[in-house]
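Encoded as structure tokens, the structure appears first; notes follow it.
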Amino acid sequence: MIEEKILRMTCEAVQQLYGQVIKPESIGMETTKKEITGDFTIVVFSLLKMSRKSPEATAGEIGAFLKVNVSEISEFNVIKGFLNLVLSDDFWTGFLASNGSRADFGIQEKRGEAPIVLEYSSPNTNKPLHLGHIRNNLLGYSLAEILKANGHEVVKVNLVNDRGIHICKSMLAYMKWGNGETPESTGEKGDHLIGRYYVLFDKEYKAEIRDLMEKGLSEEAASRQAPLITEAQEILRKWEAKDAEVLQLWKTMNGWAYDGFDLTYRRLGVDFDKIYYESETYLLGKELVMEGLGSERLVRKDDGSVWADLRDEGLDEKLLLRADGTSVYMTQDLGTAQLRYEDYHPSAMIYVVGNEQNYHFDVLKKVLSKLGKTFAGHVYHLSYGMVELPLGKMKSREGTVVDADDLMEEMFSTAAAMTRELGKASELSEEDADKLFNTIGLGALKYFILKVDPKKNMMFDPAESIDFNGNTGPFIQYTYARIQSLLSKAALAGYQWEQPVLSGQPSLLLLEKEIIKRLFLFDEAVIQAGREMNPAVIANYVYDLAKGYNQFYQELPVLKEEDTAKVLLRLCITDFVGKTIKTSMKLLGIMVPPRM
RNA sequence: GGUCCCGUAGCUCAGUUGGAUAGAGCAACAGCCUUCUAAGCUGUGGGUCGCGCGUUCGAAUCGCGCCGGGAUCACCA
């Protein structure tokens, strides 16, 4: 790597000129700002105490040394304490020639380590997926792609929350008012059908509470005594007792939910290597807790409940088993963590879960480590911010949610309308057109969500449709499509640019060099995105790349250029940009169209 | 109240381990299609980087204190 070489030789310069030994990491180097001549810039302020000279003199001396000792450096200039290095055209064209036709540029070598288990999605079977789940799913899928590109093996897992009182609420409402309807009989997606009964339950339950309060009960007593809630609790008890009738309905309704989820996942383009069900894992945590109790790492209170005491670690006491011996959410997560460890012996366990559960994961890690689990240190919570609406938070029971299926359908129709308006759909078969609209609509949605730093809350206004111009998915897709069009014309004209001889070119123009430099930085973007577990790094990178290429495309002729050497150089750049856009978008889980 | 996160242009967001004159897009305005796809390109206007103090040659970035917004602190998941 050229950066490492420059840093190494800078250390050498400091040693020879000033007699001091320093480490490469201590040198500040960055890419040169656009307005200034240069490719890399070394900031020399930190070296002044060794040189005991002015910033300008120090930068000048080091620059002169580097120019002599690093063959790739063709010239340099100094502005205050900034040493701007210019690499030779041969370096850049050499980079282009050796990487430009690689389809796997940016993909790092396999590490051969234990896999990373990545959990994402984790839906409840009592309601359909909404915009918050979309953010989760897109982050999870993209992160998996990014980690793979960083040489990791990744196991994508989904933990389905298929049991608990909330499921019983939908079941009860269905038993009372369902009239035996099914997804087949109503033509409704199963998850939506179930969600309807969940909302209905809440409505009727609230009505009961109101009635009871009018009869003089406190709100708390009313919400505890309302017949609907006690009936739902009874169903939960029956479920845990494996009551045949309840189990049958539970299986049927969960089946409807899974069919619905499958459709949503398929359309969204996400998938999983393994699915865990809480109904199959919720008992496992108990064993762990009992073990911990035996080795006196946990404490049992007088009523029989079991707790982890985390007060010496700045947290509170945390309940792990109720007095009646049943387990809570934390207990389940202890169990699934253990199970995953046994299944894969992973090098890391990543959970893509909203930031509302930060505390939960702090506790989870501490309890695991209290239980002596060495893998506690490998648990990483990828905590992402909420998607906020102009009116505030989404609440599924109050109907203020942006439904995942509706949103995707809306993106599809917007894409269709816009494409038709631009007159670009006329030559396509209906099938190809639908495919294109799907690619563009989903591209807009996915990019809109992934370009934002995961840890930040983000705003979504349903009244304003997601843009297709500017810093958007379709902008990048369009750049790609235009590149493909140009390349196929070039191929028809008989050009061959796959194995170009690029030495002896006329000197690179600024726009040519800038786009090559941008391509050069892709490796670093992939590595940074992986290190920070942040798809937005890739999104921002690919936008800059597309933006830079569009300038290039606008200003410089490719096929109409008279100098054949230039034509080949620009085709080579064009192809390379296309490949890198495609790879970047793949890391985001976004498709790229051959034409649009 | 305790803990954690966030605060950058009218709006949505970028801004590398602290570096040069804080950047994009949208919206507004003005240009560019007889020339490789105008979902594009170029230009103009728009900023007390929430406020203050500190560390530093240098702070949007690090530390402390305020102000504002959010999350969480369940025998819910």
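Chain naming here is simple, since letters A, B, ... match the order of the sequence lines and numbering starts at 1 in each.
- Residue A:Leu83 comes nearest to A:Phe76 through the heavy atom pair CD1-CD1, 3.5 Å, listed as atom of the first residue, atom of the second, then distance.
- The nearest pair of heavy atoms linking A:Ser26 to A:Ser46 is O-OG, 4.0 Å.
- A:Tyr543 does not qualify as a stacking partner of the B:A24 base, lacking a centre-to-centre distance under 5.5 Å together with planes within 30°.
- The base of B:U37 sits with one of its N or O atoms less than 3.5 Å from a complementary donor or acceptor on the side chain of A:Lys424.
- Nucleotide B:G54 is matched to B:C62 when pairs are restricted to Watson-Crick or G-U wobble geometry with both distances under 3.5 angstrom.
- Taking only side-chain atoms of A:Lys33, from C-beta outward, the nucleotide of B:U21, B:C75, B:A77 with the closest atom is B:U21.
- Seen from the ring of A:Tyr553, A:Arg482 counts as a face-on cation partner, given the 6.0 Å and 45° thresholds.
- Nucleotide B:C75 is matched to nothing when pairs are restricted to Watson-Crick or G-U wobble geometry with both distances under 3.5 angstrom.
- Judged by closest nucleotide on RNA chain B, A:Ser46 is the one of A:Ser46 and A:Glu388 placed further toward the 5' end.
- Set against B:U37, B:C13, B:A77, the side chain of A:Met459 has B:C13 as its closest nucleotide.
- Here, B:G70 and B:C64 have their P atoms 24 Å apart, quoted to the whole Å.
- The same atom, C1', is picked in B:A24 and in B:G58; the two are 26 Å apart, to the nearest Å.
- Taking the O4'-C1'-N9-C4 or O4'-C1'-N1-C2 dihedral as appropriate, B:C33 has a value within 90° of 0 and is therefore syn.
- At the heavy-atom level, A:Val43 lies under 4.0 Å from base atoms of the strands shown.
- Rounded to an integer number of Å, the gap from CH2 of A:Trp497 to P of B:C36 is 18 Å.
- By the stacking rule of 5.5 Å between ring centres and under 30° between planes, A:Phe475 does not stack on the base of B:G40.
- Among the atoms of the strands shown, none is found under 4.0 Å from any heavy atom of A:Leu48.
- In this structure, A:Asn540 places its CG atom 11 Å from C1' of B:G25, rounding to the nearest Å.
- At a threshold of 4.0 angstrom between heavy atoms, the contacts of A:Val558 include nucleobase atoms, whether or not backbone atoms are also involved.
- Figure legend. B:C33 is base-paired to no nucleotide; pairs are counted as Watson-Crick or G-U wobble with both atom distances under 3.5 Å.
- Nucleotide B:A38 has no partner under the Watson-Crick or G-U criteria, as no pair reaches both atom distances under 3.5 Å.
- The base of B:A20 is paired with the side chain of A:Thr41 by a donor and an acceptor separated by under 3.5 Å.
- Comparing the same atom, C1', in B:G63 and in B:C26 gives a spacing of 37 Å after rounding to whole Å.
- Counting non-hydrogen atoms under 4.0 angstrom, A:Tyr359 reaches the backbone sugars and phosphates but no base.
- B:A24 and B:U12 make up a base pair, with Watson-Crick or G-U wobble contacts both under 3.5 Å.
- The neighbour count for A:Lys582 NZ, taken as heavy atoms of other residues, nucleotides or ligands under 6.0 Å away, does not exceed 12.
- A:Met596 has its CE atom 5 Å from the C1' atom of B:A39, to the nearest Å.
- Residues A:Phe552 and A:Asn469 each lie close to RNA chain B; by heavy-atom proximity, the contact nearer the 5' end of the strand is made by A:Phe552.
- Atom CD of A:Gln357 is separated from atom P of B:A71 by 14 Å (rounded to the nearest Å).
- Contacts of A:Ala481 with the nucleic acid, taken as non-hydrogen atoms under 4.0 Å apart, include base atoms.
- Here B:C13 is the nucleotide among B:A77, B:C13, B:A20 with the atom lying nearest to any side-chain atom of A:Val452.
- Using a 4.0 Å heavy-atom criterion, one finds that A:Leu571 contacts no nucleic acid atom at all.
- Distance from the side chain of A:Asn550 is smallest to B:G40 among B:C36, B:G70, B:G40.
- Figure legend. B:G7 is base-paired to B:C67; pairs are counted as Watson-Crick or G-U wobble with both atom distances under 3.5 Å.
- Side chain of A:Phe45, nearest nucleotide from B:G19, B:U21, B:C36: B:G19.
- Contact of A:Thr479 with B:A39 (side chain to base): no donor-acceptor pair of N or O atoms is detected under 3.5 Å.
- Using a 4.0 Å heavy-atom criterion, one finds that A:Leu321 contacts no nucleic acid atom at all.
- At the heavy-atom level, A:Asn534 lies nowhere under 4.0 Å from the strands shown.
- Across B:C11 and B:A27, the matching C1' atoms stand 8 Å from one another, rounded to whole Å.
- No engagement by A:Met386 is indicated, since no non-hydrogen atom pair under 4.0 Å with the nucleic acid exists.
- A:Glu25 has its CD atom 16 Å from the C1' atom of B:U16, to the nearest Å.
- Nucleotide B:C75 holds its C1' atom 8 Å from the CG atom of A:Asp324, rounded to whole Å.
- Note on ring orientation: taking the six-membered ring where Trp is involved, the planes of A:Tyr351 and A:Phe361 are tilted (angle from 30° to 60°).
- Rounded to whole Å, the separation between the C1' atoms of B:G15 and B:C53 comes to 25 Å.
- Rounded to the nearest Å, the gap between the P atom of B:G2 and that of B:C66 is 10 Å.
- Comparing B:G25 with B:G46, their C1' atoms sit 14 Å apart, to the nearest whole Å.
- Not a single donor-acceptor contact under 3.5 angstrom links the side-chain atoms of A:Lys451 to the base of B:A14.
- B:C49 is unpaired under the Watson-Crick or G-U wobble criterion, no partner having all donor-acceptor distances under 3.5 Å.
- Between A:Val537 and the options A:Arg531, A:Gln528, A:Lys451, a side-chain contact (heavy atoms from CB on, under 4.5 Å) holds for only A:Gln528.
- Rounding to whole angstrom units, NE2 of residue A:His360 and P of B:C73 are separated by 11 Å.
- Using the six-membered ring where Trp is involved, A:Tyr282 and A:Trp239 have ring planes that are tilted, between 30° and 60° apart.
- Residue A:Asp303 places a side-chain atom within donor-acceptor reach of the base of B:C75, judged by atom type and a 3.5 Å distance cut-off alone.
- Listed nucleotides: B:U16, B:A77, B:C36. Nearest to the side chain of A:Leu559: B:C36.
- The local environment of CE in A:Met591 is sparse, with at most 12 non-hydrogen atoms from other residues, nucleotides or ligands closer than 6.0 Å.
- B:U3 and B:C57 are spaced 33 Å apart, taking the P atom of each and rounding to whole Å.
- If you take NZ of A:Lys456 and C1' of B:A71, they are 16 Å apart, rounded to a whole angstrom.
- Closest approach of A:Phe475 and A:Ala546 over heavy atoms only: CE2-CB, 3.7 Å.
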